[in-house]
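Shown next, in structure tokens, is the structure this report addresses.
What you see below is based on every heavy atom in this structure, not just the backbone, and it leaves out hydrogens, waters and symmetry mates. Bear in mind the structure is a predicted one, so any value in this text is a computation, not a measurement.
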Amino acid sequence: MTSLNFPKTGHSSDSILLFPTSRFQSKPFLPSSRGYRYSSGLIVRTQTLIYASSLSNGRTNKKGPREIQFVAKAQPVAVELVEDKLRDPQTSGDAIRQRFLDFYAARGHKVLPSASLVPDDPTVLLTIAGMLQFKPIFLGKVPREVPSAATSQKCIRTNDIENVGRTSRHQTFFEMLGNFSFGDYFKKEAIKWAWELSTSEYGLPADRLWISVYEDDDETFALWHDELGIPKERIKRLGEDDNFWTSGVTGPCGPCSELYYDFHPDRGTSDVDLGDDTRFIEFYNLVFMQYNKKDDGSLEPLKQKNIDTGLGLERMARILQKVPNNYETDLIFPIIEKAAELANVSYALADDSTKTKLKIIGDHIRAVVYLISDGVNPSNIGRGYVVRRLIRRVVRTGRLLGVKGDGMGDLQGAFLPILAKKVIELSTNIDADVKTRSSRILEELRREELRFVLTLERGEKLLEQILADALLNTQGTETAPCLSGKDAFILYDTYGFPVEITKEVAEERGISIDMNSFDIEMEKQRQLSQAAHDTVKLAVENGANLAEDIPDTEFLGYNTLHSKAVVEGLLVNGSPVAQVSKGSEVEILLNRTPFYAESGGQIGDNGFLYTTEAENEQKAIVEIKDVQKSMGNIFVHKGTITEGTIEVGREVEAAVDANLRQRAKVHHTATHLLQSALKRVIGQETSQAGSMVAFDRLRFDFNFHRSLQDKELEEIEGLINQWIGDGTILETKVMSLTDAKGAGAVAMFGEKYGEQVRVVEVPDVSMELCGGTHVSNTAEIRGFKIISEQGIASGIRRIEAVAGDAFIEYVLTRDNYMKQLCSTLKVKAEEVTGRVDALLEELRLTRNEVSAARAKAAIYKASTLASRTSTIGTKSIRLLVESMDDIDADSLKSAAEYLVDSLKDPAAVVLGSCPGEGKVSLVVALTPGVVNLGIKAGEVIKPLAKSCGGGGGGRPNFAQAGGRKPENLLGALEEAREQLKNLLEK
């Protein structure tokens, strides 16, 4: 081995070529911000220069690396990527997260797990903040279970997606570390602990921290300055837009205070702008939820003051790991490195544009992995559209970087699963469930990428068509061809076609793009996205005041279907009333009830409320048609008063419809059996994505990538009916959530659980966390039958089934249908299939005969039209444009084929017909001599079809189209005649 010595002023890192081992194939791999082990040395990141000095067996001095070894005879160095051994393990992303949770656990906070990215809140699409899972507590709708809590919450925000990769801090997926107080501590403790965490626990220099406070919040200013000694010049008072948090037009609100880290204290303290991203980064936000904003805009103090904070994990990692942006932290950079490897580029030596693309890939693939893990699959609506859009952005960005196929040599493969494996590898301390769901995640990404590659290719074809139209529309005019911004946006949004490429291709054809209208379309989408998905609404509703006076409803329905209860409240059209009379729709709140309220997929009970009869009092009867939960655990009984009058404070007899409850119990237990059967037949990876337990059927949605085969459905039914026949007694227990999960209980999709949970077990078959009602023995189910299996979204299947009485009714109904069919066909049940097949064959033959007869008639009629052919130009091109009345599309095609074969080449035939009400059929046929002139059938038929309210296409020599405006046919044919005449004369 020899050592090459460079002077300190000499070679930059750009001039040192390190060639990799076979792990990186034949790609030059140069120093990046990670370490590289070669021989016995270690090269670590420097800003601009790498120097070589004497051999030191891998030792480095305080100024950084000093040696690079090369094999004698100038052979390339064998280099392998390794973790940077010089980084303090206490500054890793995992360590920062754990230190935060431990810090607040030591101060009495209950450490709670991250909620799903799919929130239990209809006002937001995805979980966008750590406080979201505590919203009902902040609103006073549910009582607090702990006085204070700390979490590390997975979050998704897509409102600033265009900034991802371009700034140092914008991400779609991030972790929000938060400490929360529910009426426990307030400003003083929150501020003290935030400072202690930042300076003592994380060791941030106090003189590099700046504070912002709300302009009128003197109390908070004093706590920072007087209590903690922060100099006044490093405390900035900011206005309402920056430092006053509101949840909406009305609702909880309050001032906030933010902590900023200063990367350039050398710039001084005068004229400081905390919004300067080149100098500052906000890393910790403290919200003091102390007011309720009323309808008139006035503020009233909240009875319970709360604390809501958020510390960005990636931002703190950036600070402590001393890297220039969030993407180069150990939370994201390993993914970027893998992307760079697949694209055959070096991140360290890449230009800004390439780095931006790599950052986009690193960020977005994290987001989609965690979203898919939490049950969100790509689709064209709602949350699924967010996933699909992010995946498309990664795929097209990878293509722009030059990633072909899987990036590893398989041109037909997918590269997203390779990147996802790195995300999954890093997921252990973020969400342990990701690894258990890895096969489903990887398969979903593979399918979606390969499907999108085809979509992208279709987008390329559509671009060609749009550009051709733009040229055609300006042909013969002095107007310069221009592609509309709306078309460019459709290519971008629907087909994932980058507008930069659209612009480049268009300019090559001499076509400009209306970028102003494109920007307008983009802004419309951005505003819709922000309005719909990125605001947590915490409006205090009218019902909140009611909740203060009415306690939670005691549920008795597990053990009885009848009970006495007291009317605690009455609501008509959402407003409280004292009494309600016959004929009125009413919502009734009881102190206790046997009625099950809709939850966990099971619909609410039906039944009746009766007032007890007293002297001189009329009996009241209320028919209950639905029961819902509101404001936490208050049951709202919805019904109609059929007799008498009911008032607040009156005692009633509550009676659940026993037959309907039994139907619900049967279907709910059958749903548990169905999930177990699915896992056994198609794999443990499948998981629930939703359910409905009704009186007449059950519906079960689950994650799976294909339709189930008939034999699989038969096997599932067989298993379930076997378990029903076993007559197994169900076991129901209440235990801690930790113990339940440890025992292997399956959680219901989308449900939130407390510390104590109810576990329903069918021994040796199923164990689930469930608050629903169930049979006591599987034999009560009697029978189970799947009535449909279908896809409802990408990667989501749905089974509908019946059990119990609904099963018997289904079988009897089908049996009656079969009897009627046998009677009509005059065959036995086992002969029905054969008889139907024979009838279908007879029908097919008859239709073929009719079609052949129509074609012959059309050809005969066409032969009579040949005499109307006109001759165009010096080449004597024959042109025939005619309407053939009501001939159907297939016969019209036969006529055109006959004419173009009969007429001598060159010839052009255009035919149209109205085969039915509101229908137009069109066909254009050209001989080779006409096609050789540059005329294409598809281009001829396109404006013709458009005039008739339709569209179509085909080959250069033959094209078909349809339309919906028969009244325009004759005029359109005349226009086509003139168009072709002009083209042929040229």
Side-chain angles (χ1 to χ4, degrees), residues 555-562 594-607 624-627 655-680 688 690-702 713-714 716-733 746 748-749 751 758-789 798-815:
F555 177 58
L556 309 172
Y558 291 137
N559 303 312
T560 183
L561 298 181
H562 300 270
F595 283 83
Y596 183 83
E598 181 174 328
S599 61
Q602 180 177 332
I603 66 173
D605 280 330
N606 287 189
I624 301 300
K625 287 298 186 182
D626 188 22
V627 184
V656 174
D657 186 315
N659 177 53
L660 294 182
R661 165 66 78 84
Q662 181 65 18
R663 284 172 169 259
K665 288 164 62 176
V666 161
H667 281 134
H668 205 149
T669 305
T671 300
H672 285 210
L673 299 182
L674 174 57
Q675 177 158 223
S676 291
L678 281 166
K679 287 180 177 291
R680 297 193 186 195
Q688 183 176 347
S691 69
M692 183 193 71
V693 174
F695 304 132
D696 60 339
R697 70 190 187 284
L698 68 87
R699 187 178 71 209
F700 187 81
D701 300 339
F702 58 100
L713 293 172
E714 290 173 6
I716 290 167
E717 282 185 346
L719 273 174
I720 294 171
N721 283 307
Q722 176 188 322
W723 292 331
I724 292 170
D726 289 342
T728 304
I729 297 174
L730 275 70
E731 297 177 4
T732 303
K733 304 172 185 175
V746 177
M748 180 77 75
F749 175 83
E751 286 293 298
R758 184 170 180 263
V759 178
V760 176
E761 181 179 8
V762 181
D764 300 323
V765 175
S766 165
M767 181 188 291
E768 295 192 27
L769 306 183
C770 184
T773 62
H774 290 269
V775 299
S776 58
N777 188 305
T778 58
E780 294 178 39
I781 301 174
R782 301 163 69 192
F784 175 89
K785 179 66 180 174
I786 294 172
I787 57 178
S788 71
E789 189 276 334
R798 170 173 290 172
I799 283 178
E800 291 198 4
V802 289
D805 285 352
F807 164 77
I808 301 298
E809 292 163 0
Y810 177 82
V811 171
L812 290 175
T813 301
R814 299 280 285 221
D815 185 55

Smallest separation among heavy atoms of Pro594 and Asp605, with atom names: O-OD2, 3.9 Å
Side-chain heavy-atom pair Val693, Ile603 within 4.5 angstrom cut-off: no
Enclosure of Asn659 CG (heavy-atom neighbours >12, cutoff 6.0 Å): yes
Sidechain-backbone polar pair: Glu731 side chain, Pro763 backbone, donor-acceptor under 3.5 Å: no
Polar contact flag, side-chain donor to acceptor under 3.5 angstrom, Gln675-Ser766: no
Donor-acceptor contact below 3.5 Å, side chain Thr669 vs main chain Val775: yes
Heavy-atom pair with the smallest gap, counting every atom of Glu789 and Phe702: OE2-CZ, 4.3 Å
With Asp701 via side chain to side chain donor-acceptor pair (under 3.5 Å) - residues at least two apart: Arg798
Exercise: identify the closest heavy-atom pair between Ala670 and Leu698: CB-CD2, 3.7 Å
Heavy-atom closest pair, residues Glu717 and Ile786: OE2-N, 2.7 Å
Heavy-atom pair with the smallest gap, counting every atom of Val627 and Tyr596: CB-O, 3.6 Å
Leu660 side, atom CG; Gln662 side, atom CD - distance, nearest 0.5 Å: 11.0 Å
Heavy atoms from other residues, nucleotides or ligands near CD1 of Ile787 exceed 12 (cutoff 6.0 Å): yes
Sub-4.5 Å side-chain heavy-atom contact between Ile716 and Leu674: yes
Steps toward side-chain contact (heavy atoms from CB on, under 4.5 Å) verdict (Val765, Thr728): CA-CA 9 Å; Val765 175; Thr728 304; 5.6 Å; no
From Phe807 atom CZ to Leu812 atom CG, the distance as rounded to the nearest 0.5 Å: 9.5 Å
Polar side-chain atom of Arg699 near backbone of Glu800 as donor-acceptor pair, under 3.5 Å: no
Gap between atom CG of Asn606 and atom CD1 of Ile624 - 0.5 Å precision: 9.0 Å
Atom pair CD1 (Ile808) and OG1 (Thr813), whose distance is rounded to the nearest 0.5 Å: 11.0 Å
Any residue meeting side chain to side chain donor-acceptor pair (under 3.5 Å) with Asp805, in chain and number order, not counting sequence neighbours: Arg782
Full working for side-chain contact (heavy atoms from CB on, under 4.5 Å) between Leu730 and Thr778: CA-CA 7 Å; Leu730 275 70; Thr778 58; 3.9 Å; yes
Arg661 side-chain N/O to Gly557 backbone N/O, donor-acceptor pair under 3.5 Å: yes
Aromatic ring pairing Tyr558/Phe555, orientation class (parallel under 30°, perpendicular over 60°, tilted between): perpendicular
Which atom of His562 lies closest to which atom of Ala655, heavy atoms considered: ND1-CB, 3.5 Å
Distance, nearest 0.5 Å, that separates OG1 of Thr773 from CD of Gln602: 3.5 Å
Other residues, nucleotides, ligands: >12 heavy atoms within 6.0 Å of Arg680 CZ: yes
OG1 on Thr671 to CZ on Phe700, rounded to 0.5 Å: 7.5 Å
Met692 vs Arg697, side-chain contact (heavy atoms from CB on, under 4.5 Å): CA-CA, chis, key distance, verdict: CA-CA 8 Å; Met692 183 193 71; Arg697 70 190 187 284; 3.5 Å; yes
His672 side-chain N/O to Met767 backbone N/O, donor-acceptor pair under 3.5 Å: no
Residues, nucleotides or ligands: over 12 heavy atoms within 6.0 Å of Lys785 NZ: no
Backbone N/O of Phe784 and side chain of Asn721: donor-acceptor pair under 3.5 Å: yes
Stepwise side-chain contact (heavy atoms from CB on, under 4.5 Å) test for Ile781 and Leu673: CA-CA 11 Å; Ile781 301 174; Leu673 299 182; 3.8 Å; yes
Any donor-acceptor pair under 3.5 Å from His667 side chain to Ala694 backbone: yes
